[in-house]
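Chain naming here is simple, since letters A, B, ... match the order of the sequence lines and numbering starts at 1 in each. Predicted model, so just to flag it, every value in this text is computed and none were measured.
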Amino acid sequence: MNTLEDDLRSMYSHRADAMQTPVVAADSLRRAPLGEPRSGARLIALSAAALLVIAGGAALVVRQSADVSPADEPADASPIPEATVSVPTMSDVTAPRFVPSVPDGWVLLDVTASESPGDWGDRSAIYTRADPAARLELHHNPDNLAETANTNAFALGDRYGSWNRVSTGDHVGVSFDIVIDGEYVMVQGVNVDADSATVESLAQAITLSADGVPVLDPSTGFTLEAAGVGASSSQSLGYRYGRADEPGALWGVYAEAAPDLLDASLRTGAVFSDPVDVNGQRYWTSPGGTVSWTTGHTRYQLDAADPLDLIGLAQSLRPSTDTEIRQLAATIGAEAQLTASSTIELGTELTLELRTQGDLRFVCLDDTHSRACRFDSGENANDGHSSGYPTSLLLGDNWYIISTDTQNAPPSTAATTTSNGKRISLIATDTNAVRVTTGTDSWADLDRPIF
Amino acid sequence: VDVRCVDGGMRVVGERGVGAPAGFDDWFVGVWPRAFRLAAFMTHDAQAGEDVAQDVLFRMSQRWGSIERPDAYLQRALTNACRNWSRHSRMAESKLRLVATPEATETAFDDLADAVARLPFRQRAVVVLRYYGDLSEAEIAHALACRPGTVKSLASRALSTLSKEITR
């Protein structure tokens, strides 16, 4: 064990010993349900919980909004006094609302109002299906949402307690469709502490073709753009969520409207190895195939020989030694040695190429004037996973930073710098997905070899 | 209160919390301190940790009969809840000090704890679950809903970052 690990264990041991554990009894936990407002966010949550009941036009009995911490409450304390609140009509509601609909083939079992924001969503609808073949599609449309909104869908059934989860929380401002396959499905609604004007979630049934391919209902308003055609401001692509080696991987249809969400588009494309029917057209990518689509005025193209290559290619972004770099530099362009290549068009004048030559992997950038590459021997491999170190390339007057990570994007705001940089992050995940983000941020870590 | 959808409308159908799920109380007594500390360390905020841990345990009490492996469920639920909390907390901006009593404060530990708090959430969660929770890679993978290999990767990057941070 090294010193840092010792220090971490010592720190937590020390801190844990020093911390005073709040006195909370199970009984008082139930009597004082969480969400008793301790902060502004919780006050909002309580208001929103009340708004849910507004839909039914019923008077709601709620616990008094006393600013009392459960920790302050003795275990044998009397129940908190209750108060009856008269609620306004639905027409007065402008806050986020969760409108559970009941798709054909499904039965709405329960709708609950959660007490706490920031947790698993604030309102839930639990469905079960009458038709074993039915799948549930959740369409989440966070209009004008300034912050993260979570709409989660859980496939329950016999795996209750070990569910699959699809959250839109990572896709701020993005319309997001997911399809859940389960005997029981719980859809948990938006976070009411998000600063949004209107957030709606609704569930719709999705049909399956005779061969089991999900068919997107055109009435949802999303369409898939054909290769090279980019007039629409939105597009949908089929994808599968979940690990390929696990049963229960989920089908879905991704749709987006924001022009700068290349990450989601590319991630979608990278796992686009199964078909989906949209508007009567079946789309898929077979090995060696090409998926290309447009977002706004920018066309993105991903050529993937095999989705698995993306992981290997992403690993190419690990740093290498100067000697290796220079030895390998001579091989750039040696097509005879090329064993795999993925190309991503980043705008009309910039192309990112991920290349593998035998055991050697590298990344290249091309603009209309020049080309820059750098290499990695993979000696820093960490159990087959990418290291997360950013690779920097200087092309023209711009820095381009390519970073790998299995989950987390690079910092959204890098250290202050005066360089006129751009940031590109390439993120490979265990689901063979790849995500590339571009931005105008500069990157603080520019001390790696550049050529 | 328990609000349910009845005939297309909402109405109060019962008082939540009446009656204790069998076995939950005894389990709760045993896990509460650890749940609180795990959440406090993952959120880097004692108050938030208390809130999150209580939220999770309250929900578990409602579902107690359906939960087969409560300890694993708790770790995963805590991790999810702390992640959600972190998304809203602006932690990086506020740079909260870790939940230490003044007399327990040690500069070296403060620096280390703050460095952990600046890690991306999943890396931070791995650090807390491994070095405070003493969980195995498989257990951490379940809590994070990822593969054990991903845990290794996250841990490696976290330690690398922390090494750089604390030597600056």
Report which part of B/Val127 has an atom under 4.5 Å of a heavy atom belonging to chain A: side chain, backbone, both, or neither. both
Non-hydrogen atoms of chain A under 4.5 Å away: do they reach the side chain of B/Asp134, the backbone, both or neither? side chain
Minimum-distance pair of heavy atoms, taken over all atoms of B/Tyr132 and A/Ala16: CE1-CB, 3.6 Å
Enter the distance from A/Asp7:CG to B/Leu162:CG here, rounded to the nearest 0.5 Å. 10.5 Å
How long is the gap from CG on B/Leu38 to OH on A/Tyr12, to the nearest 0.5 Å? 10.0 Å
Starting at CD of A/Glu5, measure out to CZ of B/Arg130 and round the result to the nearest 0.5 Å. 6.5 Å
Of all heavy-atom pairs linking B/Ala113 and A/Arg15, the shortest is CB-NH1, 4.3 Å
